[in-house]
Amino acid sequence: MLKQLQSRYKTCRWGGVNRSPGQNPSERAVCPAAVVLAVLLAGRTGRAQDAPAPSDAAPAAPAPGTPAAEVTEEATVRSSAPPPRSASDTVVRLSPGLRAVPRSNASDVLRLAPGILLTNEGGEGHAEQVYLRGFDAHEGQDLEFTVNGVPMNEAGNPHGEGLVDTHFIIPELVRSVRVLEGPFDPHQGNYAVAGSAEYELGLEQRGLSMQYTGGSFNTHRMLALWAPEEGRAGTFAGADLRTTDGFGANRAARLGRAMAQWEAGLGPSTTLRLLATTYATQYGSAGVLRQDDVDAGRVDFFGTYDATQGGDASRHMVALSLEDTRGDRTARAMVFASLRGFRLRENYTGFIEDPPAAYRSGTAQRGDAVDQTSTATTLGARASLRQRGVLGGLAQAIEAGLYGRFDLVDSMQQRLRAGTLVPYRRDFDLGDTLVDVGLYADVELRPWRWMVLRGGVRGDYFGYDVLSRCDVHDVSLGAAATTLDALCDGRDRSGPRDPTARRSASGLAVQPRGSVSVGPFRGVTVSASAGTGARSADPSYIADATFVPFVRVVSAEGGIAWRREFGRTQLVLRASYFYTSVDRDLVFNQQEGRNTLAPGTVRQGVLVAGRVSNRWLDVAASATFADARFVREAADPGSTYFPADQGNQVPYAPPFVARLDGGVHGDLPIRVRGHKLAGRFGVGMTFVSARPLPYGQSSDPFFVTDASAAVRWRWIEVGVIAQNLFDARYQLGVYNYVSNFNAAASPDLLPARHFTPGAPLGVFGTLTVYLGGGAGDGAARAR
Amino acid sequence: MRLAIAAVLACAACAFDAPLAQVSFGVRAGGVLRDASMPLVVTTAQGWRVTLSAAEVSVGPMYFRNGASGVGTDQDDGRVVAEVLPAFTVDALAPSLVDVPGGGRGSTEAARNADVRLVEAEDGAVANAAGADVAVAHVAGTAERGTVRVAFDASLTLPAGGAGSDYAAALSRRVLHIPVAFTPASGGALTLRVDPTHWLDAVAFDDTGEAPDFSARAPATQLLAGVASGASYVFTWEAR
């Protein structure tokens with residue numbers, strides 16, 4: 001049987017090779033199915049290079065230390081590198097030019113992908129909010145984040161399901177990032193609603209380097225990086241400490257973090273990697289300000305209403321991975337574990353959410369500050385087997401993989417008395433046991449040399465076991481419905497009861513995904529992609545038992561890319577149209593201080609991007625237009641917490657975002673004591689259009705420029721970084737809702753503009769010492 | 001290139017919903033329309049013929065919501081689309097309108113019901129009668145039934161009768177579900193007329209001719225029922 005299949009497979013003459021004279025059309029129809037099976041069996045019939053996905057300008061870096069795929073005599077294969085999954089599939093290896101662009105944290109690297117805006121309303125240690133292609137992905141709820149394959153999204157986080165805090169990553173250790181906007185790859189798992197971001201860690205500067213950074217806002221940072229000069233590329237270590245007073249009131253922050261990876265060969269074909277990270281931070285948060293208060297001079301533009309806002313975060317993680325490549329078969333396996341601590345205190349509304357109530361004395365509101373805490377333990381594993389083969393002289397591949405993740409989460413949200421850390425109410429107190437088991441199959445077929453079909457199907461099982469430890473609020477007693485100011489009480493209107501309650505739920509999401517790429521013809525490649533994705537539900541809503549526990553998204557994209565080389569300069573231009581439908585969305589709710597349910601949404605738009613690079617220059621630019629609207633009739637009225645009169649546009653996500661990253665580097669025509677000076681210069685510019693806000697309002701656009709420059713002589717480098725070079729005063733996060741930050745006054749109940757300010761001009765100097773690792777005559781060489 | 005820029009700007013512009021304008025408007029307040037040269041004489045539901053010599057109430061803030069006026073809490077009345085935050089005192093017997101300093105503001109959305117808060121007066125007629133920050137309303141006059149004549153001069157303090165909880169006080173100062181129909185617009189004016197005709201409908205005057213003690217629970221609650229009746233507050237809108 002197997003031989004028959006292989007025989008059938010061999011008669012399928014693809015890729016510019018003529019069809020067998022005796023082959024009839026029906027036989028051709030059978031061929032694609034035969035190919036899938038035959039590729040599995042074809043390990044010894046041909047070998048093909050399994051190159052990583054290419055970037056828009058630079059090929060993606062293989063994982064550190066990845067053995068080069070074997071290329072044998074039989075691999076006379078064209079177009080063996082798999083094409084991107086979509087026109088907006090962006091893999092960016094941080095070249096020396098792009099490294100010259102100032103980036104304050106690992107999330108900043110995401111800006112290299114088209115259409116991404118990052119904001120932060122919660123302070124230096126608070127996870128960045130991500131907006132892309134009409135999505136307000138909040139702190140990651142709609143983007144699947146991984147670092148070296150380890151998932152970063154936090155299941156059951158009380159601030160938002162799927163929150164991602166990338167601050168545990170030392171930005172200098174980010175070697176590349178791949179952003180796939182849309183669920184088009186079966187590898188993408190939970191949270192890949194708007195897409196996914198894959199961080200790859202590495203350190204190309206070998207030897208030891210130590211850096212001090214100091215400057216505005218009493219900021220100080222010490223950084224040490226090390227990688228063995230002669231060892232494997234995948235071995236590195238880094239650590240840093242940072243302290244700052246911040247650029248305004250209550251923005252001080254401190255952090256410490258360390259990351260290390262050890263790579264070793266286990267025989268000629270197997271590589272082992274052990275990654276360990278640790279991170280902790282504490283930070284203050286200024287929170288939001290009302291525009292009218294700032295205009296009236298009641299509070300400073302960089303001021304705060306409540307100096308008790310802030311947070312703590314920690315993350316400790318280990319991951320062990322094995323990769324074995326034998327012939328045309330590559331097996332990968334990984335296990336990971338992490339401990340996460342989280343606390344966040346914020347007050348968005350002042351004195352609105354605690355009105356006088358029958359069950360307590362006093363009419364004064366106690367304040368709306370929320371104190372969200374959680375501790376999470378995550379265990380997980382993933383594994384895959386990829387088989388490559390040659391069919392019709394063209395590389396084909398098939399892969400199967402599995403993924404499993406188990407989370408134990410304790411989460412709680414309390415309300416605090418204004419200006420204190422004294423809790424007066426517990427909104428929820430949950431103990432979650434969450435499970436995600438995924439299974440996927442992915443094929444890569446080339447029927448002709450100018451066409452590649454990629455895709456497959458992924459299934460995810462989501463399991464929930466949620467223990468609500470405080471399930472009784474505002475106890476109502478007797479026929480008169482007298483209520484007591486009692487939490488977690490052991491009685492309710494029907495009599496004594498246990499104050500806890502347990503709910504369990506499950507869901508299964510089947511997600512087909514695929515793409516077709518045609519070309520290149522004179523450098524032009526046309527592609528189309530479609531797929532579905534899913535996001536697990538917030539465990540706090542599982543307690544409501546109102547819906548199956550996942551959100552489904554359907555997405556499609558069509559695009560065109562043009563790649564051309566002019567000597568040593570490479571130019572890439574891309575454009576695409578995208579469409580996404582989400583059946584049940586989440587929108588940030590200031591009253592709750594977290595994301596809450598909203599109706600379904602539809603997003604569509606276009607993006608254009610370009611990149612030009614050569615040995616000394618690297619410039620990437622993009623512009624994205626997105627229109628995102630609610631589809632209210634698709635919503636279950638009972639589950640819609642988003643008032644129908646707040647507008648038809650999905651709030652907060654910018655319709656238009658433009659970004660430019662550019663850097664130059666190389667030797668300078670200056671010698672000091674016989675050694676050349678080397679320099680680098682980088683600039684990053686962001687334009688964000690007005691953003692829609694609830695109740696028909698919109699924000700103001702802004703434009704911000706960052707720049708940096710450095711000069712290196714032998715083993716020492718001095719540099720300067722300017723954040724917000726032109727000192728633009730702008731509103732980074734903008735909201736429109738009801739608040740009252742003056743408890744004594746007649747409350748203003750009209751929705752009002754609130755904002756968090758963008759950072760003002762900050763100037764920082766750097767001093768770096770390189771020991772070993774090619775220190776000598778230039779940063780270019782060093783990198 | 002210019003064409004491309006224009007296209008982008010046009011797309012960005014058409015991407016937005018029609019914005020709601022934030023507007024300020026004037027507010028005027030006065031008593032019920034009547035011949036001010038004549039005393040206001042009303043007959044209560046209990047058959048007392050009352051001649052009012054004073055009827056003042058202190059209100060503020062006032063909120064206007066976009067939901068249909070109904071029952072239940074203010075949350076059931078929708079979202080606030082206009083508001084008048086300053087507190088002021090209205091002489092319900094004076095039909096001439098007085099401008100309310102500070103006016104009101106809102107967005108260009110239809111308001112369908114009002115939420116008026118009774119507030120202790122800092123100054124004005126109510127404060128003059130009862131002291132500053134003591135009472136929310138003042139009413140005086142005579143009530144006659146048959147041969148019985150009762151002279152009264154009452155100041156309404158909350159909670160009615162001095163008893164009850166702070167929460168009860170907070171609830172009792174709210175006059176909810178008052179029907180309105182206007183869309184705030186810049187330059188327009190909102191007029192409030194306070195009609196005291198039914199303020200004393202529930203008050204049980206004593207046939208002995210002794211004036212009720214409005215600091216006691218029952219009379220105070222009866223007076224509050226009239227003062228806090230939505231029918232006592234009539235809003236009209238005048239466009240510019």
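Within every chain, numbering begins at 1; the chains are lettered A, B, ... in the order of the sequence lines, protein sequences first and strands thereafter. Not measured: the values here are computed from a predicted model.
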Quiz item: What pair of heavy atoms forms the shortest contact from B:V80 to A:L750, and how long is it?
Solution: O-CD2, 3.6 Å
Quiz item: What distance do B:D115 atom CG and A:L749 atom CG have between them, rounded to the nearest 0.5 Å?
Solution: 8.5 Å
Quiz item: What distance do B:R79 atom CZ and A:Y695 atom OH have between them, rounded to the nearest 0.5 Å?
Solution: 5.0 Å
Quiz item: Does some side-chain heavy atom of A:D748 sit less than 4.5 Å from a side-chain heavy atom of B:R105?
Solution: yes
Self-check item: Side-chain heavy-atom pair B:R117, A:S746 within 4.5 angstrom cut-off
Solution: no
Quiz item: chain A heavy atoms under 4.5 Å from B:V81: which part of the residue, side chain, backbone, both or neither?
Solution: backbone
Quiz item: chain A heavy atoms under 4.5 Å from B:A82: which part of the residue, side chain, backbone, both or neither?
Solution: backbone
